[in-house]
Peer 1: 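Can you read through this structure? Questions will come right after.
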Amino acid sequence: MKSGKEQTYSERQYSINDVSRKIGIKLLDESQIASTLINYNQLLKNIDYIRDRAQQHAEWSTPQHCPGNMDNHLMYDNIIGIFGGRGSGKTSILYSLRERLMWDQAQDIILPIISPELIPEENTLLMWILAMFEEWVNELDLFLSNRPDILNKAQEILWNLAPDAPCTFRQLKADQRFSLKQEYQRLRQNCGSDRGFRGMRGYDYDDMLQLQNINATTQYQLMQRLNRFWDLIAYLRHMQDPQAPRPLIFVIIDDIDLAPERSMELLLSAYKYFSNPNVVIILSAAMKTLQQVLTCRMYEKVVGSNFRSLIQGNELIGHRHGISMEAYHLNQANEAALEYLNKVIPQSSRYFIERFDTLDRKQLFRYPVDWVDGYHPVENHSLSLACFLSDGLEKSGLLTAYYPYADRTVPNFFLQDDKSFSIEYYLLFGNKSRYIGNSCLSILSSMEVLAQIKKQLSEACEHIDKLGRNREEYLISIYSVVNNLFITLLSSH
């Protein structure tokens with residue numbers, strides 16, 4: 001990203017006492033993101049490219065001559081996909097990326113991250129996203145009301161007027177009281193109209209045909225109006241700070257494959273309603289699951305309908321090769337789903353999260369530290385696994401013997417004689433961020449509990465009769481802690 005801020009990692013050192021105890025979503029520093037999302041810097045450069053393209057789009061003299069306006073607005077490749085399996089850290093990366101963008105480019109409009117499974121069934125993705133824009137619309141409408149000097153330009157963008165439009169037509173448009181809020185409310189009313197026309201079986205044929213025509217017109221106009229609406233929002237946001245880089249509108253959707261019944265709609269809506277040079281769509285999903293979901297949807301839409309011929313191929317081929325008809329159609333549906341996915345999210349816009357499968361990869365993992373001084377994405381706020389284990393054991397006090405042998409110590413078994421980390425201990429951990437994080441927390445809590453047992457044992461040693469009565473209880477407690485630790489470590493593979 002282009003920024004005036006110095007992008008160097010902090011030299012501050014952390015210890016086991018600073019680590020985060022959070023299991024779920026975490027804000028990651030640059031080194032943590034780069035350890036899993038190998039092409040992270042390329043993703044940031046891709047966003048820079050989109051920003052440059054938005055600036056070129058804004059510099060064209062008239063809306064009519066601007067490429068990508070009107071019918072050609074679908075030409076923009078503004079959908080970015082982040083793919084990884086369950087537990088790979090997609091959500092943490094999305095939240096961290098959002099914070100990075102807000103820190104790096106304050107003029108951007110970055111909506112809260114959307115979880116599709118939380119969208120009510122009666123709402124569309126577009127309805128949900130427009131609802132999230134309400135605060136921005138109120139702010140920009142107030143700004144516009146105090147800036148009459150940019151009113152004409154705002155009208156040109158929204159109504160697609162050229163500067164040389166006839167005066168009578170321009171005056172006619174000017175007489176219509178311009179209001180960003182009113183246009184926003186009209187869009188919200190129209191964005192759910194396609195669902196209102198789905199149950200048409202109760203209508204007469206002529207009425208149904210008329211309603212379908214109305215719906216087709218409304219949907220076509222909605223696409224055009226939305227395209228101009230995004231241009232207007234970006235323009236007004238830019239005019240709030242003309243010296244800042246061109247603002248972008250970010251829509252971030254997490255785990256689109258977790259709502260299988262809506263995955264097709266989500267991809268189609270992102271492609272149809274948000275293909276604009278000022279908008280960036282960032283999606284996350286498990287690639288394999290998403291492709292399976294799209295395959296099932298394709299199968300339902302085509303094979304489950306009366307138009308099986310829409311899937312290319314001769315049905316006899318399936319019989320000739322001894323393949324059942326259903327399996328043959330499913331294979332065709334899978335190919336159609338893959339082609340659809342390639343169109344909506346091109347391969348060049350996909351970024352994959354790598355697993356920690358090898359020893360070299362595990363050495364790159366970094367455990368997060370609490371952000372006590374506020375989030376600063378380019379600073380180092382994490383510990384390596386080697387530091388986490390060795391420092392944790394040192395600080396736990398488990399390397400010293402209990403009373404009356406408190407002056408005796410044992411070597412840190414995580415370290416070799418030359419004080420380097422013993423790499424075989426990396427085998428304790430699984431291959432996903434969630435698995436490794438759970439294992440680290442289990443190790444940390446186990447060391448703390450064992451330290452507490454050691455303290456109680458030392459106190460009991462001062463009273464031999466008390467120790468004799470409780471020796472078995474101490475052994476059972478130690479066994480229970482170690483047993484639970486190994487269960488966690490084994491289940492995290």
Peer 1: Going by atom types alone, do Lys454 and Thr400 pair a side-chain donor with an acceptor below 3.5 Å?
Peer 2: yes

Peer 1: Is any side-chain heavy atom of Asp29 closer than 4.5 Å to a side-chain heavy atom of Ile33?
Peer 2: no

Peer 1: Quick one: do the Ser20 and Asp370 side chains pair a donor with an acceptor below 3.5 Å?
Peer 2: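 A pair is found: one side chain offers a donor N or O, the other an acceptor, under 3.5 Å apart.
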
Peer 1: Given 3.5 Å as the limit, does a donor-acceptor pair link the side chain of Asp108 with the main chain of Met102, or not?
Peer 2: no

Peer 1: Main chain of Leu111, side chain of Arg98: is a donor-acceptor contact present, judged purely on distance under 3.5 Å?
Peer 2: yes

Peer 1: Can you find a heavy atom in the side chain of Lys395 that is under 4.5 Å from one in the side chain of Ile16?
Peer 2: yes

Peer 1: Is there a donor in the side chain of Asp231 and an acceptor in the side chain of Asn276, or the other way round, less than 3.5 Å apart?
Peer 2: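 Distance-only check passes for Asp231 and Asn276.
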
Peer 1: Can you tell me if Ser263 uses its side chain to pair, donor with acceptor, with the backbone of Ile256 under 3.5 Å?
Peer 2: yes

Peer 1: Please determine if Arg147 and Asp149 form a salt bridge, counting it only when a charged side-chain N lies under 4.0 Å from a carboxylate O.
Peer 2: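 Judged by the 4.0 Å cut-off on N to carboxylate O distance, Arg147 and Asp149 do form a salt bridge.
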
Peer 1: Between Ser275 and Asn227, which heavy-atom pair has the shortest distance, and what is it?
Peer 2: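 Heavy atoms of Ser275 and Asn227 come nearest at O-OD1, 3.9 Å.
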
Peer 1: Does the side chain of Ile233 reach to within under 4.5 Å of the side chain of Trp136, using non-hydrogen atoms?
Peer 2: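 When only atoms from C-beta onward are counted, Trp136 and Ile233 do not touch, as no gap falls below 4.5 Å.
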
Peer 1: When you compare the side chain of Thr295 with that of Glu335, does any pair of heavy atoms fall below 4.5 Å?
Peer 2: no

Peer 1: Side-chain polar contacts of residues 477-487 - donor-acceptor pairs under 3.5 angstrom, sequence neighbours left out - could you list them?
Peer 2:
| residue | atom | partner | partner atom | Å |
| --- | --- | --- | --- | --- |
| Ser477 | OG | Glu473 | O | 2.9 |
| Asn484 | ND2 | Ser480 | O | 3.2 |

Peer 1: Please report the closest heavy-atom contact between Ser445 and Ser442, naming both atoms and the distance.
Peer 2: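 Taking Ser445 first and Ser442 second, the nearest heavy atoms are OG-O, 3.1 Å.
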
Peer 1: Are Thr91 and Asp254 close enough that a side-chain donor and a side-chain acceptor fall under 3.5 Å?
Peer 2: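 Their side chains do contain a donor-acceptor pair, which is all the 3.5 Å distance test asks for.
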
Peer 1: Between Ser420 (side chain) and Gln416 (backbone), is there a donor-acceptor pair under 3.5 Å?
Peer 2: no

Peer 1: Parallel, tilted or perpendicular for Phe388 and Tyr367, by the 30°/60° rule?
Peer 2: tilted

Peer 1: Does Asn438 have any side chain to side chain donor-acceptor pair (under 3.5 Å) partners at least two apart in sequence or in another chain, and if so, which?
Peer 2: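 Asn438 satisfies side chain to side chain donor-acceptor pair (under 3.5 Å) with no other residue.
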
Peer 1: Describe, in one word, how the ring planes of Tyr425 and Phe414 are oriented to each other, choosing from parallel (under 30°), tilted (30 to 60°) and perpendicular (over 60°).
Peer 2: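 Answer is perpendicular, since the angle exceeds 60°.
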
Peer 1: Would you say the ring centers of Phe421 and Tyr426 fall short of 6.0 Å from each other?
Peer 2: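 Under 6.0 Å, so yes.
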
Peer 1: With side chains defined as the heavy atoms from C-beta onward, is the minimum distance between Arg361 and Glu354 less than 4.5 Å?
Peer 2: yes

Peer 1: Is any side-chain heavy atom of Phe83 less than 4.5 Å from a side-chain heavy atom of Ile345?
Peer 2: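 Phe83 reaches Ile345 side chain to side chain.
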
